[in-house]
Amino acid sequence: MTPELSQYISRREEVLNRVRTLLVERLHVERDPDSIDPDTPLFGTGLGLDSVDAVEMVVSLEDTFGLKLPDDALGRRVMRTVGKLVDLVLAYEKAAAGEGNTNVPLVLEVGS
Amino acid sequence: MDTAMNALRMGVAWTTDPPTVCLRIAGQDAFSTLDRVCPADLFVRDGQVRPTVLLNEQGQVFADVYIGQDDDGYLLISEGPSAETLVEHVRSHAASGSDLTIEDLTASHSLISIQGPYAWELIGEVLGPDLIGLPYLYFYRTQDILCLRGGKTGEYGYDLFVPQASVADFQARLVDRGAAFDLERVGLPTLEQAALENGFFNIRREGKHNLTPMELGILWRVSYRKEYVGSQALLEERARGPIRRATTMMSEFEVSEGDPVFWADVVIGSVLSAGYSPMANAHVSIAILDKPYYHAGVEEYTAGVERVNVTTVSPPVLVNRSLYINPQRHTYATRGRDNFPAIYE
């Protein structure tokens, strides 16, 4: 494995674990962090979050990762699975480091 | 398939697939028996269903199920095993002398499934406006039809169990009312491709490989806090930790089930399920990848003898139109005036 791939996977696992911990500790998801898979749906069938939880999740992501997410980060495009949240954090970090496109996936529509 | 998928993703589609078994289980020992069989907590509201799976003693998934409370009984709606196998599985785990009645509704009813961002509107036309407000993962009976709002496509979805005596009339009414929605009949390949694009577990594809919920990435469907068939195996697996996991991939070129997946020249897994997405104009697949390669966002893997470049992604790969449809504001007839985000970027 190249150092770059190893570094990416390590960072992704770190972010994933912190998102899992947020879900348990701040959104009171009644699961152990290690039983929250990346592809777990946030709403409905999966963790059963609601729109209030979505707001709390954005605040928690900002607090934990030092991000400043735009208001439209509540968009349904990203608030779908745990893995999508990890994608969001990593894309933001990449953009902040000047390596990525800040419009993807940070420009998000608020769903109806 | 493009026409069929277009109907499912942008309008309304109907189907009599996939093969689904619906059991109604009642009696004084219904709860204790299902609690022993079912890996998820059974505490749901009347009329509500919970998605879960059924496991063998090795903790391997063999059925994709919804379980729901239905007055004094339970509904077990399953894809995978036959009705006979399912009944035998439930009965084999009932205590001796149990008070248990199992009715196979699929022997007397036919499944008609309506899927698509405007499925709610057609449902309102054929079954009445009350059904439009049916919450996700709830069921309701009307006109002798059991209507479950669920679906595994990422769009509004309704599974209707229609008495066989009236199914021909119902289909005729559905097709008649559906003309205004450009209703298309679709088959299993379209449904399975939609499930693949949205990351819904498919018992006939990735689910046929004798994998555990941990390997399939569907631990949210099971509990570690109760005992059930397969629970001991899951606890032992948990203690060992994950060694591989199902991971969604996308590629410009085709990959096929069974293809090896490589990092450099190292085999890191194999493809479990694959298909072409006309909406994304790309190939979508699910591979079982070894730890630590099983993460999304990696562009450095290849698959198959042709060494097709693949990128691991977080599903869903589409921005489903249903996310933006509000039954109080939108209609199929006026869809041209609405401004929705692109379904794929």
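These numbers come from the heavy atoms of this one structure, side chains and all, not from hydrogens, waters or symmetry mates. Chain letters run A, B, ... following the sequence lines, proteins first and then strands; every chain starts at 1.
Neither the backbone nor the side chain of B:F201 has a heavy atom closer than 4.5 Å to any heavy atom of chain A. For B:P316, the parts lying under 4.5 angstrom from a heavy atom of chain A are both the backbone and the side chain. For B:R50, no part sits under 4.5 Å from any heavy atom of chain A, backbone or side chain. With a 4.5 Å cut-off on non-hydrogen atoms, B:A264 does not touch chain A at all. Both the backbone and the side chain of A:R31 have a heavy atom closer than 4.5 Å to some heavy atom of chain B. Of the atoms belonging to A:T81, it is side-chain heavy atoms, and not backbone ones, that fall under 4.5 Å from chain B. When heavy atoms are compared at a cutoff of 4.5 Å, A:S10 does not approach chain B at all. The contact between B:N198 and chain A is made entirely by side chain atoms (from C-beta outward), counting heavy-atom distances below 4.5 Å. Contact annotation for B:P292: both backbone and side-chain heavy atoms come within less than 4.5 Å of a heavy atom of chain A.
Look at B:R225 and A:E30 and you find no salt bridge, because none of the NZ, NE, NH1 or NH2 atoms lies under 4.0 Å from a carboxylate O. Remark: B:R329 does not engage B:D338 in a salt bridge, criterion side-chain N to carboxylate O under 4.0 Å. Look at A:D34 and B:R238 and you find a salt bridge, because one of the NZ, NE, NH1 or NH2 atoms lies within 4.0 Å of a carboxylate O, short of that distance. A salt bridge is absent between B:E155 and B:R321; no separation between the charged side-chain nitrogens and carboxylate oxygens falls under 4.0 Å. Electrostatic pairing of B:R240 and B:E237 does not count as a salt bridge here, judged by no charged N lying under 4.0 Å from a carboxylate O.
Not one N or O on the side chain of B:N320 forms a donor-acceptor pair closer than 3.5 Å with the backbone of B:S322.
Note: A:D32 leads A:L90, A:I36, A:D32 in heavy-atom pairs under 4.5 Å with chain B. Among B:P51, B:P315, B:P213, the residue making the largest number of heavy-atom pairs under 4.5 Å with chain A is B:P315. If you tally non-hydrogen atom pairs under 4.5 Å between each of B:Q328, B:E299, B:M214, B:R245 and chain A, the highest count goes to B:R245.
Using the six-membered ring where Trp is involved, B:Y158 and B:Y156 have ring planes that are parallel, under 30° apart on the 30 and 60° scheme.
With A:Y8 as the aromatic partner, A:K94 does not meet the cation-pi criteria of under 6.0 angstrom to the ring centre and within 45 degrees of the ring axis.
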